[in-house]
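Note that this is a predicted model, so its numbers are computed, not measured. For the single chain, residues carry numbers from 1 onward in sequence order.
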Amino acid sequence: MSAVDLAILIAYIGAVVTIGFWVKRRASKGLESYFLGGRELPWWMIAMSGSSSYFDITGTMWIVSMFVAYGFNGFWIQWMWGFLIAAFYLAYMGKWIRRSGVITGSEWMVYRFGPTRSGDTARLAYTTFAVLTLTTFIGYTAVGMGKFGGQFLPIREWVPILADWTPRNIDRLCAVLIISLTGAYVVVGGFTGLTIVDFVQTIVLTTGAAMIAVLGFATFDEQPVAAALAKLAEGTNRIVQVNPVQWYSLLPPWQIENQADQYALFGAVVIAFLMKGLLLGLSGPEQLYDFQKFLATRNTREASLAGMLWGICHTVRFPMAMAITIIGLVAVAGSTETGFDAEKVLPYVIAHKLPPVLKGLALAALIAAFMATFGAMVNGSASYLIRDIYQRYVNPSASTRHYVRASYLASILMILIGIAISLVSSSIATMITWILGFLGSAVLVPNVLRWYWWRISGYGFAAGMWTGMVFSLIQTFLDEPIAGYMGWGRSVPVYYVIPVLASVSAAACIIVTLLTRPPDMNTLAHFYRTTKPAGRWGPVVEYIRRTNPEFRKEPFLPDIAALVVGLFWLGAMYVGPSYLVAHQWLPAGICALMVAVGSVVLAASWYRRLESGEPRPASPKAIP
């Protein structure tokens, strides 16, 4: 790394840490200020913050590795994490979340199931899931950060005594250094500092990503790319898993060329991930810290607008990833290294194929992506630990200043645990598949039913969540033995694991729900009147109409129409620029037409129906 690139990177990191300390005094006003910015931040800033929190460096390295292996069919694999979930946010989920007026997703459980033992059990189950998920996510980002930082930080030159360290140990040290520094602004700044920094990061990130996409477009040459695809699709260490002829196609094959690959039965994998992604959208934010973003908006209109901009701002990630993929294919094919780790294509391209200054800007943009995601995870996990465990069960009568200080300690604890996880893990794909594919699938059904079925009880929700978490943990220990016994290689195919985990969790949720009482009807009526959800709520509607005969349900069909249009609109917005980078003019033009038509339809229907804004609910102090 040149001195100019290093100076750009240091200046940027120093600036964001300074912002964190600058807003420390404001964040110290109280928990709502620390975790939600006092609900005074503009929707567009929150949306940009939320979008950048999805644009993590580790996930981008994984996306590039999927594009390398499967070409444009790698977009189908993105359904594992619900990459089009912003369409659900803009259509209806953003406003449903905001109407509660609570501070955390766990408090929402009491709002939904009532301040009873059943509601408290649901809240504890959700908190357990939140802490487990966010903790493993922090470790996952640290693994990617180690692989990324190891390519750039001259650790051996700075500390000659470490000259004999293995690359893996150097990667671990880089992760510890970068995470520790990033944690400084996260701990002291709270949500306000996090959101302001994320706003700045989104600008830097978008600029850097656009520059890389333009570079990929300008340097694309079909013949060298075709030769690279042919070379990297050969041998036992191949990193291109599909037939090179199919690499530009978006039509998924039922089977791919390399039968030894983890996704060999590609059609079944796509079905499993597609169903998982759609259910994730229906269940609302499952990544937990994004739930917090919508709670921080001023009203329901701004929550819906934030959902729209959230998706738009995320567009640049995919053409940037495709540009890095194309440049990386040619670069790796021309190198003498064998057995190249596809997860390192992104840092390899940045380190060896970008000119000075652009390399520094690209590094700043990608470090911005890491800091945004890492900060959101730490802040979100700390909010659950303090608000839903410490304040509720350990020290319910402490002062506001005490809770804010405890939040600092909780954030530090999450950072340390994340570092520990990164020291024992090495594969991004393995971690993301377990967190999003397996653990995420194991809790899908309870999270869906909480919105659309009046009968689900707090005990039923908790049973489904805990059963899913336990079985997903068991799966990590039994996966390899079962796969070996069945002759599936080293792991059980995802199209078996995902349905099994979801079914077991669903069975526990429904059985326990039917064996226990439903939530109190007054609680359900309050939830339905304020949230205005869709689904099977007939008995609740009848109960409300006994005292209010004029009550009318909010129509859901327009929201569904906006959702369908939004899915195609957003999908075309992500795929089209990637095709443009690869000089695939026809599919890029079709996507551009879909975006234009979708924009007109959404403007004439969804945008005109947005509520003018509802009064800001009072802080939920009644929920301890």
Side-chain angles (χ1 to χ4, degrees), residues 60 63-79 83-84 86-87 206 209-233 239-257 263 266-267 269-271 273-274 277 311-331 333 345 349 564-603:
T60 306
I63 290 173
V64 169
S65 72
M66 293 298 101
F67 286 167
V68 167
Y70 309 107
F72 280 82
N73 269 299
F75 275 103
W76 291 105
I77 299 175
Q78 307 312 308
W79 274 106
F83 77 124
L84 298 182
T206 302
M211 292 173 65
I212 293 174
V214 170
L215 178 65
F217 174 84
T219 58
F220 179 83
D221 189 330
E222 187 173 358
Q223 290 185 349
V225 173
L229 287 171
K231 179 179 180 180
L232 298 176
I239 62 174
V240 175
Q241 307 301 336
V242 298
N243 188 317
V245 177
Q246 298 176 317
W247 198 84
Y248 294 101
S249 174
L250 198 61
L251 182 65
W254 183 250
Q255 290 184 322
I256 61 174
E257 187 175 79
Y263 297 151
F266 196 77
V269 172
V270 169
I271 292 172
F273 285 162
L274 180 61
I312 292 174
C313 289
H314 206 63
T315 300
V316 294
R317 184 183 198 183
F318 298 100
M320 183 202 76
M322 186 56 66
I324 290 173
T325 299
I326 290 170
I327 297 172
L329 285 170
V330 177
V345 168
V349 168
V564 173
V565 174
L567 286 171
F568 284 97
W569 174 73
L570 204 58
M573 196 180 298
Y574 292 169
V575 176
S578 300
Y579 269 124
L580 187 62
V581 168
H583 293 196
Q584 303 297 301
W585 312 117
L586 179 60
I590 293 173
C591 289
L593 180 62
M594 291 175 64
V595 171
V597 173
S599 299
V600 172
V601 173
L602 288 174

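One distance of note links OG1 of Thr206 with CD1 of Ile312; it measures 11.5 Å at 0.5 Å rounding. Rounding to the nearest 0.5 angstrom, the gap separating the CD1 atom in Ile271 from the CH2 atom in Trp79 is 14.0 Å.
Ring geometry for Phe318 versus Phe83: interplanar angle over 60°, hence perpendicular rather than tilted (30 to 60°).
Using a 4.5 Å heavy-atom cutoff, the side chains of Val575 and Leu250 are in contact.
For Ile63 against Ala321, the heavy-atom pair with the smallest separation is CG2-CB, 3.9 Å. In terms of heavy atoms, Ala588 sits closest to Gly576 at CB-O, 3.9 Å.
Listed by chain and residue number, Thr315, Pro319 satisfy the side-chain contact (heavy atoms from CB on, under 4.5 Å) test with Pro577 (two or more places apart in sequence, or in another chain). Applying the side-chain hydrogen bond (donor to acceptor under 3.5 Å, both in side chains) criterion to Gln78, with sequence neighbours excluded, gives Trp81. Under the rule for a side-chain contact (heavy atoms from CB on, under 4.5 Å), the partners of Glu222 that lie at least two apart in sequence or sit in another chain are Phe220. Legend: residues meeting ring pair (Phe, Tyr, Trp, His ring centres under 6.0 Å) with Tyr70, ordered by chain and number and at least two apart, are Tyr263, Phe266. Residues passing the side-chain contact (heavy atoms from CB on, under 4.5 Å) test with Ala331 are Tyr348, Lys353, sequence neighbours excluded. Residues that satisfy the side-chain contact (heavy atoms from CB on, under 4.5 Å) test with Ile590, not counting sequence neighbours, are Leu586, Met594.
The salt bridge (Lys or Arg N to Asp or Glu O under 4.0 Å) pairs that include a residue from residues 316-329 are Asp56-Arg317, where partners are two or more places apart or lie in different chains. Residue pairs that meet the side-chain hydrogen bond (donor to acceptor under 3.5 Å, both in side chains) test with at least one member in residues 582-595, sequence neighbours left out, do not exist here. Residue pairs that meet the side-chain hydrogen bond (donor to acceptor under 3.5 Å, both in side chains) test with at least one member in residues 239-250, sequence neighbours left out, are Gln241-Asn258, Asn243-Glu257. Evaluation of the side-chain hydrogen bond (donor to acceptor under 3.5 Å, both in side chains) test over residues 567-582, restricted to residues two or more places apart or in two chains, returns Trp569-Ser599.
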With a 3.5 Å cut-off and sequence neighbours excluded, list the donor-acceptor pairs that the side chains of residues 225-232 form with protein atoms.
| from | atom 1 | to | atom 2 | distance (Å) |
| --- | --- | --- | --- | --- |
| Lys231 | NZ | Ala333 | O | 2.6 |

